Amino acid sequence: MSTSITILQGNVGVDAELKGTATTFSIATDERYTDKQGNDVEKTEWHRCVCFGGLGEWALKHMKKGAKVVVTGQNQTDKYEKKEFPGAVFYSTSVKVRNIDMIVWAKNDEAEAEPDLEVSNDDIPF
């Protein structure tokens, strides 16, 4: 048996929202480096995160734009088709979230918890 673990540390870019039984939100991570010409480059990568159950309910309440978090989960790639592009196959990758560590709460979050709170959910349906 094999497993993959994804760990992301970044900023929540949009408030979490409920889509069916899943709670989704996006995290931005960035990388800084110097290119061959000596220019400083900053690259931002966006990651779609999905969680369910109690963790999803918690995320819906606390994953607000501007929060800094560490998310642990597993990559999942889904394949789908669009009616407007017959025969074309599209792929979407997201992180199935298992744990959330809150580093900095968003300014608009009413939570009065410790900034180092860890949340997990063992009853995720996958």
Side-chain angles (χ1 to χ4, degrees):
M1 181 169 157
S2 298
T3 187
S4 68
I5 297 173
T6 301
I7 301 171
L8 301 171
Q9 177 181 327
N11 298 309
V12 178
V14 62
D15 292 356
E17 53 186 342
L18 189 61
K19 294 184 179 179
T21 60
T23 299
T24 64
F25 56 94
S26 294
I27 294 178
T29 59
D30 57 16
E31 174 186 9
R32 292 181 179 94
Y33 60 92
T34 303
D35 65 14
K36 292 178 182 178
Q37 291 77 31
N39 301 314
D40 290 330
V41 178
E42 183 174 334
K43 178 182 173 186
T44 300
E45 188 80 29
W46 288 94
H47 310 272
R48 189 170 75 101
C49 299
V50 181
C51 47
F52 299 89
L55 183 60
E57 292 173 19
W58 186 91
L60 189 60
K61 185 175 180 182
H62 298 292
M63 291 290 95
K64 306 289 184 189
K65 182 177 180 176
K68 187 173 199 77
V69 297
V70 175
V71 169
T72 306
Q74 185 174 11
N75 279 351
Q76 175 177 313
T77 302
D78 296 309
K79 183 167 78 169
Y80 62 96
E81 296 180 14
K82 292 182 179 181
K83 291 179 185 175
E84 53 277 7
F85 302 103
V89 178
F90 297 88
Y91 296 90
S92 173
T93 301
S94 59
V95 176
K96 296 187 303 186
V97 178
R98 300 286 184 170
N99 295 307
I100 300 171
D101 291 314
M102 188 66 74
I103 297 172
V104 177
W105 294 91
K107 291 181 182 178
N108 60 348
D109 192 358
E110 300 171 4
E112 303 226 2
E114 294 295 317
D116 206 11
L117 179 68
E118 180 176 323
V119 179
S120 64
N121 186 16
D122 293 330
D123 64 348
I124 298 175
F126 46 80

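On a predicted model such as this, the values are computed, not experimentally measured, just so you know.
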Supply the atom-to-atom distance [X] [atom1] to [Y] [atom2], rounded to the nearest 0.5 angstrom.
| X | Y | atom1 | atom2 | answer |
| --- | --- | --- | --- | --- |
| D35 | D40 | CG | CG | 8.5 Å |
| E31 | K43 | CD | NZ | 6.0 Å |
| S4 | Q76 | OG | CD | 10.0 Å |
| I100 | M63 | CD1 | CE | 4.5 Å |

Taking all non-hydrogen atoms of both residues into account, name the closest pair between [X] and [Y] and its distance.
| X | Y | result |
| --- | --- | --- |
| V50 | A22 | CG1-CB, 3.7 Å |
| C49 | I27 | SG-CD1, 3.7 Å |
| R48 | S26 | CA-OG, 4.4 Å |
| A59 | C51 | CB-SG, 3.7 Å |
| K64 | D15 | CA-OD1, 3.3 Å |
| E57 | T23 | N-OG1, 4.4 Å |

Next item on the list: Applying side-chain hydrogen bond (donor to acceptor under 3.5 Å, both in side chains), name anything that partners T44, two or more places apart in sequence or on another chain.
Entry: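 So T44 forms no side-chain hydrogen bond (donor to acceptor under 3.5 Å, both in side chains) with any residue.
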
Item checked: Q9: which of T29, I103, V71 passes side-chain contact (heavy atoms from CB on, under 4.5 Å) ->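 Passing option: I103.
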
Next item on the list: Only pairs at least two apart or in different chains count here, so list each ring-ring contact (aromatic ring centres under 6.0 Å, His included) that has a residue in residues 74-102.
Entry: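 Listed once each, the pairs are Y80-F90, F85-F90.
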
Next item on the list: Can you run down the ring-ring contact (aromatic ring centres under 6.0 Å, His included) pairs that involve residues 5-47, sequence neighbours left out, and say none if there aren't any?
Entry: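 Residue pairs with at least one partner in residues 5-47: there are none.
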
Check: Going only through I, L, V, M, F, W and Y residues with side-chain contacts under 4.5 Å, is there a path from V14 to V70?
Finding: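 Not linked; separate clusters.
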
Check: Taking atom types as modelled, is there a side-chain donor on T6 or N75 under 3.5 Å from an acceptor on the other?
Finding: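 Result is yes, a qualifying pair exists.
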
